[in-house]
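I have placed the structure first, in the form of structure tokens, so that the comments after it can refer back to it.
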Amino acid sequence: MPRIRTVKPEFWEDELLGVMPRDARLLFIATFNMADDEGILRWTPAYIKAQAFMYDDDLTLKDVDQLMRCLTDTGLVFPYVGGVARQQMAVVVNFRKHQRINRPQKGKLPPPSVGAWQVREMYARRDGWTCQLCGGEIPRRIVVNDDHNLVVDHIRPVAAGGTDHPSNVRAAHQACERSRRGAPDGDEFFPPASLAGLEDSLNESVNRSVNDSVNESYAQSTSQPSVSTDSEFSSLNHSLMEGKGKEGNRERKGTPPTPRQSSDSPAVVQTGERAIEDRMTDAFLERYRAGNAYNQRQVRKVIADTLANGTDSGELWKALERLGSLSKPVSAGTLQFAFSEIRQAQNASNVITLHNGQTLTGTDAKVAGWAAIAASFDDEDSA
């Protein structure tokens, strides 16, 4: 049954949603109405077309399926197979963070099982990779100290009738979840002593992430170029709109896709003295820390991950300058915003042309694909 929902004003200004086809943006709004009070809805092209595009005969089921993939590729909607009947379902990831439900009704649709790692990771992204019990950061990669790793905590324990529905689960450290599990309801929570050493575990996670990215980049550079397929598209993860408003506290996962054009005069280069991510972090903080709450470790991690992804240092510095001038936080999501502006300034079509006839890959290919879809819709309308 359709429900009354709201749309925030920030929706229309969102840069990432802006690169989607117009019908994909309309579909995202339609998911608010189609979803139950848990943010869960049926997710098949036939059902979506019947609900959101019932009067649009020019849209085929294949067209609707492409629009649905725009939302799942960006992480705005998480698809899964649920229930005994193995139905195609989906959950609007940040539904409860931008929809206020006055009198929430119990969800009747089957939620995603938290036993799957992809589901736990989705909830961690929703909660900003922050433990909802102690407020500490959760490593994005598995670390040696299991106490710091990700686990899903049930607000109302399963033994007391709690379910796996999105409103009843939250991301937490394993140690915090174990400590809270044995405490009576309503008691004040104190972080366990086993969380000591979290900083070392996070640094170890960052180092492993950077090393793995460098090794992967080296392996790709020594192999023959390959043509991207739909299954190789990387996720944009999150829309900037999802982090606005007082309810917003979003995940930041992965490294933002960036323009792959080289700069003639990068602002910071590798000289062999110190790691370039350290020098770039120091240069950024020296210029923009005054009056801003920038965290040195967070800034360095984002810079290191982005450089490890093959980003030109000059392009990265331009994006950092853009964020610093606007006093925006440095994260994977905000860097994507800055790179999106750079794209628009460098290429009005939002499609990046690579040198030597290289094939568009990752998010560049996805943006080009969405633009092609939107153009095809425009051509059909004009015909």
Side-chain angles (χ1 to χ4, degrees), residues 38-39 72 74-80 82 91-97 111-159 162-183 189-213 234-238 242-243 248-256 295 297-298 301-302 304-305 331-333:
E38 292 286 348
T72 58
T74 54
L76 297 174
V77 176
F78 180 82
Y80 65 96
V91 56
V92 181
V93 177
N94 292 289
F95 183 78
R96 283 292 185 94
K97 292 187 176 181
S113 172
V114 296
W117 166 254
Q118 296 90 335
V119 176
R120 298 196 297 272
E121 185 182 55
M122 180 267 292
Y123 285 126
R125 290 192 286 110
R126 181 198 68 180
D127 294 338
W129 289 93
T130 300
C131 177
Q132 301 300 294
L133 294 174
C134 73
E137 183 177 354
I138 300 174
R140 289 163 173 75
R141 300 177 62 88
I142 297 177
V143 297
V144 176
N145 189 339
D146 287 343
D147 288 339
H148 303 155
N149 286 324
L150 168 67
V151 71
V152 167
D153 175 59
H154 289 81
I155 299 174
R156 183 180 183 185
V158 176
T163 68
D164 287 345
H165 282 91
S167 65
N168 192 55
V169 297
R170 56 191 174 187
H173 293 123
Q174 290 188 12
C176 293
E177 190 274 337
R178 288 196 302 267
S179 177
R180 185 253 178 191
R181 190 189 309 166
F189 178 79
F190 295 97
S194 57
L195 279 182
L198 176 58
E199 187 76 16
D200 293 336
S201 292
L202 291 173
N203 289 336
E204 189 257 356
S205 176
V206 171
N207 292 334
R208 287 179 58 189
S209 177
V210 172
N211 291 336
D212 289 348
S213 298
S234 60
S235 173
L236 286 177
N237 307 314
H238 267 281
E242 300 297 327
N249 181 13
R250 299 293 184 265
E251 143 283 339
R252 297 172 179 89
K253 176 199 169 204
T255 304
N295 180 279
R297 180 172 58 80
Q298 170 68 13
K301 177 187 180 305
V302 174
D305 285 350
S331 67

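The analysis underlying the following values was restricted to heavy atoms, covering all of them including side chains, and did not include hydrogens, waters or symmetry mates.
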Nearest non-hydrogen partners of Phe95 and Glu38, listed with the distance
CD2-C, 4.1 Å
Indicate yes or no: at least one non-hydrogen side-chain atom of Arg96 is less than 4.5 angstrom from one of Pro166.
no
Drop me the distance from Gln298's CD to Ser331's OG, to the nearest 0.5 angstrom.
7.0 Å
At what distance, to the nearest 0.5 angstrom, does CZ of Arg180 lie from SG of Cys134?
13.5 Å
Sequence neighbours excluded, the answer for salt bridge (charged side-chain N to carboxylate O under 4.0 Å, His left out) partners of Arg170 is Asp153
Side chain to side chain contact (heavy atoms under 4.5 Å, CB included) between Trp129 and Glu121, worked out:
CA-CA 9 Å; Trp129 289 93; Glu121 185 182 55; 3.8 Å; yes
Looking at residues at least two apart in the chain, or sitting in another chain, which of them share a salt bridge (charged side-chain N to carboxylate O under 4.0 Å, His left out) with Asp164?
none
Determine, stepwise, if the pair Arg178 / Val151 fulfils side chain to side chain contact (heavy atoms under 4.5 Å, CB included).
CA-CA 10 Å; Arg178 288 196 302 267; Val151 71; over 6 Å; no
To the nearest 0.5 Å, tell me how far Ile138 CD1 sits from Arg120 CZ.
12.0 Å
Just verifying a value: how many Å separate Phe78 CZ and Gln118 CD, rounded to the nearest 0.5 Å?
6.5 Å
Kindly give the heavy-atom pair with the smallest separation between His165 and Thr163, and that separation in Å.
ND1-OG1, 2.9 Å
Output yes when Glu137 and Lys301 qualify as a salt bridge under the 4.0 Å nitrogen-oxygen rule, no when they do not.
no
If you measure from OG on Ser179 to CD on Gln174, what distance do you get to the nearest 0.5 Å?
13.5 Å
Test of understanding: with side-chain hydrogen bond (donor to acceptor under 3.5 Å, both in side chains), list the residues that count as partners of Ser113, not counting sequence neighbours.
none
Roughly how far, to the nearest 0.5 Å, is CG of Leu150 from OH of Tyr123?
12.0 Å
Sub-3.5 Å donor-acceptor pair from the side chain of Asp127 to the main-chain atoms of Thr130, do we have one?
no
Side-chain heavy atoms of Val114 within contact of Val169, under 4.5 Å:
yes
How far apart are the closest heavy atoms of Arg156 and Asn168, and which atoms are they?
N-OD1, 2.9 Å
